[in-house]
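To keep things clear, I will list the structure first and then write my remarks on it.
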Amino acid sequence: MKIVLVETKSADRSAIRSMLEKRQETVFAFANGQDAWSFIERTPDINIIIVSLNEEGMSGLEICWNARILAEQRKSMYVIAISGGDNDDMLVEALDSGADDYLQKPLQEESLTARLRVAERMIVLQQQLVRLANHDSLTNLLNRRAFFEKAGLVLKDLKRAGPEKCSSLNAIMFDIDHFKRVNDNFGHDAGDQVIRTVAKIARAEGDIIGRLGGEEFAMILSDQTLLGTARVAERIRETIEKTPILINGCRIEITSSFGVACYQDGDSVDDLLKRADIALYRSKNEGRNRVLVDRPHQTEPEADYKSVCGLRQESRA
């Protein structure tokens with residue numbers, strides 16, 4: 001586990017760090033609360049914070065409070081407050097401020113180790129609950145709520161980095177053509193296998209992918225041009241078309257239709273996905289098994305789009 005230790009007193013900090021490193025933990029030790037908090041904010045995979053309640057720069061109680069707010073985003077972070085003396089008021093205040101546990105100085109190695117075992121169990125359980133809450137059980141892709149939440153965070157980060165960064169944000173919407181026929185002709189188990197296969201193919205092309213419902217999927221790419229995103233969609237489309245699914249001796253061949261759109265000034269995630277969804281709807285109306293791109297700015301030559309196999313484009317005034 002990755003542990004941040006915040007302790008002003010050098011002797012106490014060294015002693016606690018030694019106890020933790022005996023357990024082969026990765027420890028980041030700080031004497032100053034503000035320095036520790038700056039590190040925690042920019043380091044997303046911290047598991048445990050051990051903080052003395054009397055800190056310089058930022059109090060231990062402040063760190064407990066801020067860590068609880070941050071944990072609502074990160075979902076798994078355990079906070080252990082430490083303090084000298086037997087002070088029930090301090091214990092209550094620490095727990096009310098967001099600490100998960102409380103230890104008194106001087107720390108005993110056995111007690112600290114036992115509390116860390118509790119922290120590990122809680123973190124594992126929390127991570128399992130988060131996975132169940134955020135992922136579609138059939139495909140293990142993000143579910144609708146988690147997809148929009150994660151896409152929103154990506155857009156927020158890009159806007160914070162500068163308006164020009166948002167131009168690299170693109171969306172793909174796609175679904176399985178004639179999916180009802182699969183269920184009607186081969187049964188729902190076959191339909192589930194088709195959905196899992198499509199999800200596996202799409203996952204190879206990006207990280208932020210969600211199953212929005214039924215046979216409908218969405219993908220956000222934050223480091224591509226519109227043309228590059230179209231190529232990603234075309235690769236997925238082509239792979240799906242070339243991947244037959246064998247179920248009980250039956251060979252099921254499927255295709256999918258795609259809509260692609262790029263970020264425009266002032267867009268929300270909903271705005272971006274709506275334009276991709278409109279492009280998807282048009283691609284289905286034009287015969288399915290194709291990629292159709294919403295091109296509001298005509299940033300690349302039309303010949304570049306035509307060079308993408310199977311791609312049809314939608315140009316707008």
Could you tell me whether the side chains of Asn140 and Arg203 share a donor-acceptor contact shorter than 3.5 Å? no
Are Glu110 and Arg115 ion-paired here, with the side-chain N under 4.0 Å from a carboxylate O? no
Going by distance alone, is a donor N or O of one side chain under 3.5 Å from an acceptor N or O of the other, for Asp35 and Ser38? no
Hydrophobic cluster identity match, Ile46 and Ile50, side-chain contacts under 4.5 Å: no
For Arg235, is there an ion pair with Glu205 - N to carboxylate O distance below 4.0 angstrom? yes
Nearest 0.5 angstrom please: Tyr78 OH to Arg121 CZ, how far? 9.0 Å
Non-hydrogen atoms of Leu273 and Ala218 that approach each other most closely: CD2-CB, 4.3 Å
Of all heavy-atom pairs linking Leu280 and Ser257, the shortest is CD1-O, 3.1 Å
Does any part of the side chain of Ile49, heavy atoms only, come nearer than 4.5 Å to the side chain of Ile80, both counted from C-beta? no
Presence of salt bridge, Lys284 and Asp175, under 4.0 angstrom: yes
Is it the case that one hydrophobic cluster holds both Leu138 and Val194, taking links as side-chain heavy atoms less than 4.5 Å apart, direct or via other members? yes
For the residue pair Arg196 / Gln193, report whether a side-chain donor-acceptor contact shorter than 3.5 Å exists. yes
If the threshold is 4.0 Å, N to carboxylate O, is there a salt bridge linking Arg251 and Glu253? yes
Show every ring pair (Phe, Tyr, Trp, His ring centres under 6.0 Å) that has at least one partner inside residues 208-241, sequence neighbours left out. Phe174-Phe217
Checking side-chain contact (heavy atoms from CB on, under 4.5 Å) for the pair Ile220/Leu272: CA distance, chi angles, key distance, verdict? CA-CA 10 Å; Ile220 290 288; Leu272 175 59; 4.1 Å; yes
Test of understanding: clusters of I, L, V, M, F, W, Y form through side-chain heavy atoms closer than 4.5 Å, transitively. Do Ile123 and Leu112 belong to the same one? yes
Do the side chains of Glu238 and Lys242 get close enough for a salt bridge, i.e. N-O under 4.0 angstrom? yes
Stepwise side-chain contact (heavy atoms from CB on, under 4.5 Å) check, Ile82 with Val51: CA-CA 6 Å; Ile82 55 177; Val51 56; over 6 Å; no
May I ask you to say whether Arg17 pairs ionically with Glu25, meaning some side-chain N is under 4.0 Å from a carboxylate O? no
Decide whether Leu221 and Leu141 are clustered together by the hydrophobic rule: side chain heavy atoms of Ile, Leu, Val, Met, Phe, Trp, Tyr closer than 4.5 Å, transitively. yes
For Asp96, is there any backbone N or O sitting under 3.5 Å from a side-chain donor or acceptor partner on Arg68? no
Answer whether the closest heavy-atom distance between the side chains of Met77 and Asn47 falls below 4.5 Å. no
Look at Arg275 together with Asp267 and state whether they make a salt bridge at an N to O cut-off of under 4.0 Å. yes
For Glu234, is there an ion pair with Arg237 - N to carboxylate O distance below 4.0 angstrom? yes
I need the Ser18 OG to Arg23 CZ distance, nearest 0.5 Å. 13.0 Å
Determine whether Val232 and Ile201 fall in the same hydrophobic cluster, where Ile, Leu, Val, Met, Phe, Trp and Tyr are linked whenever their side-chain heavy atoms lie under 4.5 Å apart. yes
CD1-CG distance between Ile48 and Leu5, expressed to the nearest 0.5 angstrom: 11.5 Å
Nearest-0.5 Å distance, CZ of residue Arg181 to CZ of residue Phe186: 11.5 Å
Under the side-chain contact (heavy atoms from CB on, under 4.5 Å) criterion, do Cys166 and Leu155 qualify, and how do the steps go? CA-CA 7 Å; Cys166 295; Leu155 178 56; 4.3 Å; yes
Over all heavy atoms of both residues, which pair between Tyr263 and Ser167 is shortest? Give the atoms and the distance, please. CD2-N, 4.5 Å
Between the main-chain N or O of Asn289 and the side-chain N or O of Asp177, is there a donor-acceptor pair closer than 3.5 Å? yes
Considering only NZ, NE, NH1 and NH2 on the basic side and carboxylate oxygens on the acidic side, decide whether Asp157 and Arg160 come within less than 4.0 Å. yes
